[in-house]
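What follows is a set of notes on a single structure, which appears directly below.
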Amino acid sequence: MLSLSIKRITTIALTGFILSAFNVTLNNAAHKAFAGEKLKKEAESRLQYINLDFWKKFNDELLIKYIVCAVNNNYDLKNLRLKINELRQTKNLEISKQFPSVSVGANYFGLKIPRTAIPFQGFRDNSFALPFILNWEIDMFGKRKNKIDMAWENIRGAIYEESGAAISLASEVAGIYFNISNLNAQIEIQKEVIKNSEEKLGRVQKAYNSGVMNAIDLNNAQKTVEYEKIVLNDYKKQRESFLLNLSYLMGENPNEVKDFAFSDIRLIEYRDKIPECINSDVTIYRPDVLKKEAELKKAKIDVTLARKEFLPNVNVFGVLMFSTLTPNFGWPGAVANLLAGATENIFSGGRRIFNVKQKKIVYKEALNEYLKTDLNAIKEINDTLYSLKSDDKTYKSNLKNLHFEEDNFIRVSNSFSSGVSNWIDVLDNQNNFLSEKSKVLNSKVQRFVDIISLYKAVGGRL
């Protein structure tokens, strides 16, 4: 009978433990689901900053993939989002100060009352007290509201900082991506150049051995091969540096860069027209300008607050205390006190006057910073637009030169087939043709970089 009772108790305890563990598991799963949903919403909000429609104009899915990955995983952006959340809590803290605070305490009283001076009135020597204390600063003149408004401007400034960082990050990732794609093509071209140069060196060596060419021609051919190898080595070094930087921006392990894929730069094109002009009003959407505007508003509110320091503070202080000092621990034996009034500083050594003057100077500094930032934004737009138009002309000229060099290579090849030219002339012209290919790709990437710079200059609204 006893063993049966023990079994029942054990079964009940085990069942309770399993249900408790199951409940904890469900709570953890719900918490993880909520956290995942929150992170998803934060990532989507960051993607709105960078204007994905613009990046889709390059018609490259891999580029979009890397940009989205960087915006979602970059640790600097994550810290900026945490800063926004921190400032939101600071704002909530300011809002909470609008309401009264109530506290309660438990205290012990030990009293000795002279019976000769004060006849016995029922007071107890040992007692306990339970006081409720009320503190409330009434925002009669809007001081607290001004502080809340300043907290809001801090939040807006942090949001604009995050937006600007996201745009800069997307621009940097795209610039690195195009450079890596270009270097992949340059390495292929350079390998062909080296192959042709080595073949030329072999023929010059044979000609030198036969006494047809002198040592200077042989040395020059050898120097050319070594120089082209140096160029190839530099390309590989630059590519590795770009790859490591890309993995850092994306928050990825640098050891995984070997798995990164890139589109052929020769197939990537910008599917939109280059703007002839841009309205200067677009500067008001730039995150840095908006951030300076928020700082300017904050400085203006700070001046208002400094002026309101001359106004009195209105406070309410109340105490309601129950105790066992008297025989009744109830309302008849309670002590209540309520104090409401205004306090005003009569003299503070001129501190408030100096504070107002200081805040006005800070406001003027903020105004100058705002105007300087706005002017710099217009300058950046003009500079990038001019560079883009100039580099676009360079790119088109290089395309023409490539066509001319291709025609030269074809003609020399035909001459060789007819027995007019030798094979060294064919190799030299082929390398010239490859050199023009390299120039075209470099100018193409420079054009892309200028487009990205213009995108960044207009705050992503391109």
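These figures come from a predicted structure and were not determined experimentally.
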Over all atoms of both residues, closest heavy-atom pair of [X] and [Y]:
| X | Y | result |
| --- | --- | --- |
| V204 | L218 | CG1-CA, 3.7 Å |
| L77 | V71 | CD1-O, 3.6 Å |
| I50 | A166 | CG2-O, 3.5 Å |
| S181 | I268 | OG-CD1, 4.2 Å |
| A306 | N355 | CB-ND2, 3.6 Å |
| G105 | L130 | O-CD1, 3.3 Å |

How about [X] and [Y]: do any of their side-chain heavy atoms sit closer than 4.5 Å?
| X | Y | value |
| --- | --- | --- |
| K379 | L375 | no |
| F448 | K444 | yes |
| K308 | N146 | yes |
| I451 | L388 | yes |
| F141 | N313 | no |
| E405 | F409 | no |
| F260 | L246 | yes |
| N73 | M250 | no |

Any ion pair linking [Y] and [X] (charged N to carboxylate O, less than 4.0 Å)?
| X | Y | value |
| --- | --- | --- |
| E153 | R156 | yes |
| R447 | D391 | no |
| E86 | K83 | no |
| E162 | K291 | no |
| K147 | E137 | no |
| D139 | K145 | no |
| K195 | E199 | no |
| K292 | E295 | yes |
| K298 | D302 | no |
| K439 | E436 | yes |

Distance check, rounded to the nearest 0.5 Å: [X] atom [atom1] versus [Y] atom [atom2]?
| X | Y | atom1 | atom2 | result |
| --- | --- | --- | --- | --- |
| T394 | K389 | OG1 | NZ | 14.5 Å |
| Q430 | W423 | CD | CH2 | 7.0 Å |
| R307 | I353 | CZ | CD1 | 13.0 Å |
| I67 | S171 | CD1 | OG | 8.0 Å |
| T373 | L290 | OG1 | CG | 11.0 Å |
| K200 | N431 | NZ | CG | 8.0 Å |

Determine whether a donor-acceptor pair (N or O, by modelled atom type, separation under 3.5 Å) exists between the side chain of [X] and the backbone of [Y].
| X | Y | value |
| --- | --- | --- |
| N74 | A70 | no |
| S241 | K237 | no |
| N414 | I410 | yes |
| N179 | G175 | yes |
| Q190 | E228 | yes |
| S168 | A165 | no |
| S387 | D383 | yes |

Classify the side-chain pair [X]/[Y] by whether it contains a donor and acceptor separated by less than 3.5 Å.
| X | Y | value |
| --- | --- | --- |
| T283 | D374 | yes |
| E192 | N196 | no |
| Q186 | N442 | yes |
| N315 | N135 | no |
| E380 | N376 | yes |
| N51 | R461 | no |

Using a 6.0 Å cut-off, check whether atom [atom1] of [X] has over 12 heavy atoms from anything other than its own residue.
| X | atom1 | answer |
| --- | --- | --- |
| Y227 | OH | no |
| Y270 | OH | yes |
| E344 | CD | yes |

Under the criterion side chain to side chain contact (heavy atoms under 4.5 Å, CB included), I'd like the reasoning laid out for K357 against K360: C-alpha separation, chi angles, the key distance, then a yes or no. CA-CA 5 Å; K357 291 182 178 180; K360 285 182 177 180; 5.7 Å; no

Kindly indicate, with the supporting measurements, whether the criterion side chain to side chain contact (heavy atoms under 4.5 Å, CB included) is fulfilled by L454 and L462. CA-CA 8 Å; L454 184 61; L462 190 61; 4.0 Å; yes

May I have the step-by-step check of side chain to side chain contact (heavy atoms under 4.5 Å, CB included) for L305 and K143, ending in yes or no? CA-CA 6 Å; L305 266 175; K143 296 179 183 179; 4.2 Å; yes

Do K57 and F54 form a cation-pi contact, if we require the NZ or CZ to be under 6.0 Å from the six-membered ring centre and within 45 degrees of the ring's axis?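 No; the conditions do not both hold, so K57 does not lie above the ring face of F54.
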
Evaluate the criterion side chain to side chain contact (heavy atoms under 4.5 Å, CB included) for residue pair L183 and F242; output intermediate values, then yes/no. CA-CA 10 Å; L183 285 168; F242 279 128; 3.6 Å; yes

Go through the steps to decide whether K236 and E240 satisfy the test salt bridge (Lys or Arg N to Asp or Glu O under 4.0 Å), and finish with yes or no. CA-CA 6 Å; K236 290 181 178 180; E240 185 66 19; over 6 Å; no

Could you list the residues that satisfy side chain to side chain contact (heavy atoms under 4.5 Å, CB included) with N245, not counting sequence neighbours?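 Listed in chain order: E172, I176, Y248, L249.
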
Dump the intermediate steps for ring-ring contact (aromatic ring centres under 6.0 Å, His included) on Y455 and W55, then the final yes or no. CA-CA 10 Å; Y455 155 86; W55 298 110; 4.8 Å; yes

Does F262 have its ring centroid less than 6.0 Å away from the ring centroid of Y177?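 Ring centres of Y177 and F262 closer than 6.0 Å.
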
